[in-house]
Engineer: 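The structure follows.
To find a chain, count down the sequence lines: A is the first, B the second, and so on, and within it residues start at 1.
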Amino acid sequence: MSNHAATMVAHKHPSDVEGAKIGMWLFLFTEVLLFGGLFIAYAVYRSVYPEAFQTAAANLDTFIGAVNTLFLLTSSLTVVIAIVALQKDKQKMAVWMIWATVLFALGFMVNKYFEWSAKIHHGIYPGSPELLADHSKGEIVFYNLYYTMTGLHGLHVIIGLIVFFFVLYFIKRRPVVTEEMPYEILKNVRGTSRLAVVSEKGEELGTVAQLDDKVELVDIRLTYEPVAEKRDPRNFVKLENAGLYWHLVDVIWIFLFPLFYLIT
Amino acid sequence: MPSHTLDDTVQNGESYLDVKGRYTGVFGWIFSVDHKRIGLLYLGSVFVFFTVGILLGLFMRLEQMTMGETLMTATTYNRLFTLHGVIMIFLFIIPGTAGTLGNFFLPIQIGAKDVFFPRLNLLSWWLYIAGAVMALLAIFTGDGMADTGWTFYVPYSTQTGTNVTLALTAAFILGFSSILTGLNFVATIHRMRAPGMNFHRMPLFVWSLYATAWIQVLATPVVGITLVLVILERTLGIGIFNPAMGGDPILYQHLFWIYSHPAVYLMVLPGMGVISEIIPTFCRRTIFGYKAIAWSSVGIAAVGTLVWGHHMYVSGQSSTASIVFSFLTFFVAIPTAIKVFNWVATMYKASIRVEVPFLYALAFLFHFLIGGLTGLMMAAISVDVHVHDTYFVVGHFHYTMFGGSVFALFGALYYWGPKMWGRMYHNKTAIVALVLQLIGFNTLYMTMMYLGYQGMPRRYFDHLPQFHDAHLVATFGSWFLVSGLLLMIGTLLYSVFRGEKAPANPWGGTTLEWQIPTPPPLENFDEIPTITDEPYAHKEEAV
Amino acid sequence: MLSGASSFASLVDDAFFFILIISIIFFVGIVATMLFFVVRYHHTRNKKVANIEGNLTLEIVWTVIPTLLVMGMFYYGFIGYDTMRNVPDDAMEITVTGRKWSWTFTYENGFQATTLTVPKGRAVKANIESEDVIHSFYIPAFRVKQDAVPGRDTYLWFRATETGTFDILCTEFCGDRHAYMLSTVEVMSESDYNTWYAGTSGEQITEGGDLSAAGEKLVTLKGCIACHSIDGSPRISPSFKGLYGKMETVYTDGKERQVLIDDAYIAKSIKEPAADKVKGFENIPMPPQPLSDDEIKAITEYLKSIK
Amino acid sequence: MHENEHEMKYSTYIYVWLALVVLTWVTVAVASIDFGNAAVFVALLIAAFKSSLVVAWFMHLKNESATIKWMVATLFIVFAIFIGITFTDYPFR
Ligand code: HEA
Ligand code: HEA
Ligand code: CUA
Ligand SMILES: [Cu+2]
């Protein structure tokens, strides 16, 4: 250990939840605008081909669309419940709710799969000969948009699923906390012999009591057994951010549903 | 009175350049999450690409020296200006000022130890490198670099056999790198200001970065998805812009410029921020109209989102749209004018020291005025019908981007270089380089504007005889510019490794970066300062 | 300055000079003030600074004055544009077709040519269309420009005020030979024009009898020679010289095969160029050419004749 | 955990979810009524209402700081501008 120890830990500012939230929201903004570009395109083409859009929309199955809407809405509900549960230290409940979310998301994808494959089976997919031959330009545009927008949305659902698996992993894992110990605290613990100093490779170097005065910062790792009903605060933030992302996916679908399925 | 002087609190912390972390050597740099090292990483990589970009510019000029095919074929020329544009915009100037100077000085200027998300910051740089490598790969794979121009207009870009897909993917990734930087800066500015530093005590460079960051976050995703749509059309045949499938090629232009017009302010705002730092420092007095300058950055960013259609007056958009866009475009001139007037007013009753950074600030003003005022000419619809897509536009944007943003960046390197690497530059050489640049720059680009008004279209591999003499003059000017740039790069490199050691505050600056040691210690501040006064509080009596 | 040869020239130039003059006043004023301050308040001359933090009156003045001025500029640009977009009722119409990389002009009687001829003093409306990618129809001397957008018809109009020949350029990047997508417009006096126009006919070129001669005209008119040379010299696509009757290596659906170039193959190459891609040119797309069967026959005859 | 965090209740969210389900039903039901051109607006209006429920409750925007609320407002203004100004073009062609 040397007094360079400080550089071994990333500079950590005191954990600032508000800042992390700002970051997350800004990230969501970019997602909104990513879809935003497509919504602009949709708006433009709808204004150019109003009738064709209605004819084409009539060919999409409202029932599947509505069921999928319910799936996503419910999955959003299960996510918030998971968050509340974690806040109330009900870890098991939270885990169950995340699984429920995953299930609904899978249900959504399965539905989408059947919907797409039925359409593709009928020869309706971008650039297909049937589409180009039998449909008006407006309808072609409609289907192009439909595949792009629901496709991009589906991609987000898949990403969301992966994120939830990560969150599950974090909630269940044995937490290891690396913290920076400020100088003042270090001063106070210097005397104790109960804390061990360990090299980066893991070999024990002695006790804190034996540290010389030059050391100003140490990198400490706390490993503790998870108590069944105790949460690691950082998991909460992770779940919350995953939830924000998931709700956004939901919000986008709330618009996609009427725009593609209902305006007939 | 500067009340946040830290001289007494500063202790001899080790400079960030010497600190040894988990990794050493190159890895100590490319895996470092220290904002200062990341800033320098950007600086290094940006300058590599800048050199490539200017070389391409030089080749284009050489081709234009003669008529007909001499140096290269038309296809090569078309790839060159595409690559030149892509490099200069996505690889050089957008990450150039924000990524380099922003990363290095934003945390210091607000009294923070780092940016809010240090690891995300490193990720941005890695994404930048990934995008850059991909752009360069596009040259060697498939059928070679795209030949579409940096604007990638459909349907040409969906039909050409060249490697547009890879070039677009590169641009997409670079866009994400830029978004992450912006996001990081907004969070940093909101959450990490030193106690007492409210928004109206932030240095103006920080204000300009704040406005820039918002543009990065809000406009970039739109172009991201647009480029994806072109990729989808090329790979999967989803022709959202394809007229044969009912699509509208002009919609692509709307979506492209929704980002790319605000992007020009992304390029120039940080530069303007730099100028707002340099001027009061060398005038030794407080800045005139602090709030006006600060809020005009936000104003430019805001109005800048409303005007994209001025690139499309003759595209076939409706006349109504052209008129509305023209009307709105003129309003960006107002916040810009406010900045210019306040800068000049700052020189009134000042005590001016004419050092190289200050000379660059003057050069910035000189060029940017020309660039901006020609912008007004093109904003007037009937004039733009004539000059659109001619060398007049090329002249305009080199004046704003090169004469403006890039000169501001050069000025900043002289101004902040001593702080960044702790060494001074050689004064005389720097001045000679500047003079060469000025002569070359104006000969080159003023001539281009003349050519443009005569009707010389841009992106022309060859030119008609009546344009020949002016093209010769322009090429001649480019050689002066080359010499000036080479000399400058030489001087800067020399200063990095061999220059005299720089004092902590060579210019008598008042902002926080001048109150800490040179080069700054790893965590910038031992103790986070408390701010009680405006950033440019100079003493009345010069020392 | 570039001479102006249409009624718009003065509109555009006046707006330009109006802005230019204001710009020069501001530019010179600002740069001069700046330099004056640098000299006057150089630290060797002025040691005591005045930390003036701002001045609301000044701030307002230099916001309001530029605002008024730019509104003037907008107005100037707007009236010019307004005139450009409102076509007089008596305008004669011409269709301008842009394609890689040539222009074709079709007159009201159906006559087609690769250069434009217009009468002096009469309003001419050009209906602009594109067969492939975006081009832009630009006549610098007339100060007019309009993009040719596939799938969307655009227009412009002008009234030539001087006789003579002026350049037509393409100003939207459209590929390799963008810089050679040139033509000219000849402005004739009204009477000369009428005589010339009376001599043209909209009759199909293929109706003349000699098919090969018709084919020769067509390859120019339809822009084939923008890409295909007729003397065997290399361009971006196979030369027409010696093409007919030769064995060619092509890719069909990605598979390489040999074909004999005969009538049927030529017709297919023109209608569905993407079906067989000639080896060595497989990445250069040839746009499908909207030609009638007669025209294709004529071109085939012509190709036979250039061995 | 964090002092400024709100005590959350399961029931609130279940009510919000119920509202969302009902609104979904309303959109579907309303779609069969012929509003003519207004149909899009009705559908979008309901969608906007639904999404604001999600944003306000599920995403807790309601309890966030004024800064974040302002940021979200900025986002929507900017997006509205993008669409709005694009529409100076298409209807006037
Ligand atoms: C740093 C980059 C930058 C900046 C800052 C600007 C600034 C401006 N630009 Fe520029 N522009 C580009 C980069 C930039 N531009 C690029 C890259 C292109 C081409 C893209 C392509 O096609 O490839 C382009 C193209 C472009 C066009 C399209 C031309 C065409 O293709 O036909 C137009 C048209 O309106 C325009 C206008 C303006 C205006 C009005 C400003 C204004 O912001 C300028 C405001 C500044 C001033 C006006 C000067 C200071 C003010 C005063 C001194 C006050 C006194 C003046 C009065 C108000 C009277 N620009
Ligand atoms: C920051 C932006 C930036 C900068 C700095 C430059 C710099 C230069 N540009 Fe740039 N230019 C653009 C951005 C920029 N350009 C963009 C966006 C386009 C539009 C592209 C498009 O149409 O899509 C464009 C288009 C463009 C054209 C129009 C092409 C056409 O339409 O046909 C031309 C023509 O001459 C040109 C020339 C130059 C020149 C001569 C320089 C000079 O400044 C370069 C001067 C430097 C040198 C001449 C070389 C110096 C050399 C070194 C320092 C290194 C030497 C090293 C060794 C010898 C090992 N540029
Ligand atoms: Cu056609 Cu350029
Ligand atoms: Cu612009």
Side-chain angles (χ1 to χ4, degrees), chain B residues 74-75 143 149 153 155-156 159 161 243 249-250 284-286 288-289 292 314-316 319 322-323 326-327 330 333-334 337-338 340-341 344 347-354 362 365-366 369 373 376-377 380-383 385-386 388-389 453-455 457 459-462 464 538 540-542, chain C residues 2 11-12 15-16 19 23 27 30-31 33-34 37-38 41-43 46-54 59 62-63 66-67 70 73-74 76-78 80-81 84-85 133-134 136 138 140 143-147 149-152 154 167 169 171-179 283-285:
Chain B
T75 325
D143 231 30
Y153 272 15
Y156 186 76
Q159 293 176 4
I250 300 172
R284 287 290 154 84
R285 54 156 285 184
T286 187
F288 192 92
V314 301
S315 68
S319 310
S322 293
I323 292 164
S326 169
F327 181 75
F330 281 105
I334 309 304
I338 291 176
V340 171
F341 292 130
V344 176
M347 297 176 201
Y348 176 66
K349 295 207 171 162
S351 183
I352 299 174
R353 261 143 253 252
V354 185
L362 296 185
L365 274 167
F366 183 87
L369 277 173
L373 293 166
L376 293 181
M377 297 167 194
I381 323 181
S382 64
V383 179
V385 167
H386 175 49
H388 171 71
D389 265 345
Y453 206 82
Q454 301 303 303
R459 297 174 175 172
Y460 260 35
F461 158 69
D462 201 352
L464 292 166
H538 281 271
E540 299 239 316
E541 199 73 49
Chain C
L2 173 67
L11 267 179
V12 170
F16 178 71
I19 305 176
S23 298
F27 178 72
I30 293 171
V31 172
T33 318
M34 186 170 92
F37 284 168
V38 171
Y41 299 113
H42 194 262
H43 70 102
N46 196 32
K47 292 248 184 290
K48 193 169 158 55
V49 303
N51 268 329
I52 310 168
E53 294 199 341
E59 219 63 76
W62 63 46
T63 307
T67 310
V70 294
M73 298 176 188
F74 164 72
Y76 244 110
F78 163 72
Y81 184 70
M84 287 175 178
R85 297 317 289 167
V133 298
I134 302 180
S136 194
Y138 178 35
R143 311 285 190 274
V144 291
K145 179 183 289 134
Q146 182 68 49
D147 282 5
V149 185
R152 182 170 153 64
T154 52
D167 291 316
L169 308 158
T171 47
E172 186 61 65
F173 180 69
C174 54
D176 268 358
R177 295 182 66 81
H178 164 60
N283 283 325
I284 305 166

Engineer: Given that the side chain runs from C-beta out, which part of I381(B) has a heavy atom under 4.5 Å from chain C: side chain, backbone, both or neither?
Structural biologist: both
Engineer: Using the ring of each side chain (for Trp, its six-membered ring), is F173(C) parallel, tilted or perpendicular to Y156(B), with breaks at 30° and 60°?
Structural biologist: perpendicular
Engineer: Looking at H386(B), is its backbone amide N or carbonyl O close enough to the side chain of Y138(C) to form a donor-acceptor pair, meaning the two atoms are under 3.5 Å apart?
Structural biologist: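 Answer holds: yes.
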Engineer: Where does M73(C) contact chain B at under 4.5 Å (heavy atoms): side chain, backbone, both or neither?
Structural biologist: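 Answer is both: backbone and side chain atoms of M73(C) are under 4.5 Å from chain B.
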Engineer: Counting only non-hydrogen atoms closer than 4.5 Å, does I250(B) touch chain C with its backbone (N, CA, C, O), its side chain (CB onward), both, or neither?
Structural biologist: side chain
Engineer: Hey, does the side chain of K145(C) reach the backbone of H388(B) with a donor-acceptor pair shorter than 3.5 angstrom?
Structural biologist: yes
Engineer: Going by the rule ring-ring contact (aromatic ring centres under 6.0 Å, His included), which residues pair with Y153(B) if we only count those two or more places apart in sequence or in a different chain?
Structural biologist: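 With neighbours one apart ignored, the set is empty.
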Engineer: What are the two closest non-hydrogen atoms of I52(C) and T286(B), and how far apart are they?
Structural biologist: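 Smallest interatomic distance, heavy atoms only, reads O-CG2, 3.7 Å.
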Engineer: Is L365(B) close to chain C through its backbone or its side chain, or both, or neither, when contacts mean heavy atoms under 4.5 Å?
Structural biologist: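 Contact with chain C is through the side chain of L365(B) alone.
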Engineer: Where on E59(C) is there a heavy atom nearer than 4.5 Å to chain B: the side chain, the backbone, both, or neither?
Structural biologist: side chain
Engineer: Just say parallel, tilted or perpendicular for the rings of F327(B) and F74(C), cut-offs at 30° and 60°.
Structural biologist: perpendicular
Engineer: Using only atom types and a distance under 3.5 Å, with no angle test, would you say the side chain of N51(C) pairs donor to acceptor with the backbone of R285(B)?
Structural biologist: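 Checked: no pair found.
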Engineer: Could you tell me which of L11(C), V38(C), V31(C) has the largest number of non-hydrogen atom pairs under 4.5 Å with chain B?
Structural biologist: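 Winner by heavy-atom pair count: V38(C).
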Engineer: Is a side-chain N or O of R152(C) found less than 3.5 angstrom from the main chain of G316(B), in a donor-acceptor match?
Structural biologist: yes
Engineer: Short question: side chain of S351(B), backbone of K48(C) - any donor-acceptor pair under 3.5 Å?
Structural biologist: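 Not at all, since once roles are kept as given, no pair shorter than 3.5 Å links the two residues.
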Engineer: Test of understanding: with side-chain contact (heavy atoms from CB on, under 4.5 Å), list the residues that count as partners of V144(C), not counting sequence neighbours.
Structural biologist: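 side-chain contact (heavy atoms from CB on, under 4.5 Å) list for V144(C), sorted by chain: F8(C), I139(C), F142(C), L156(C), F158(C).
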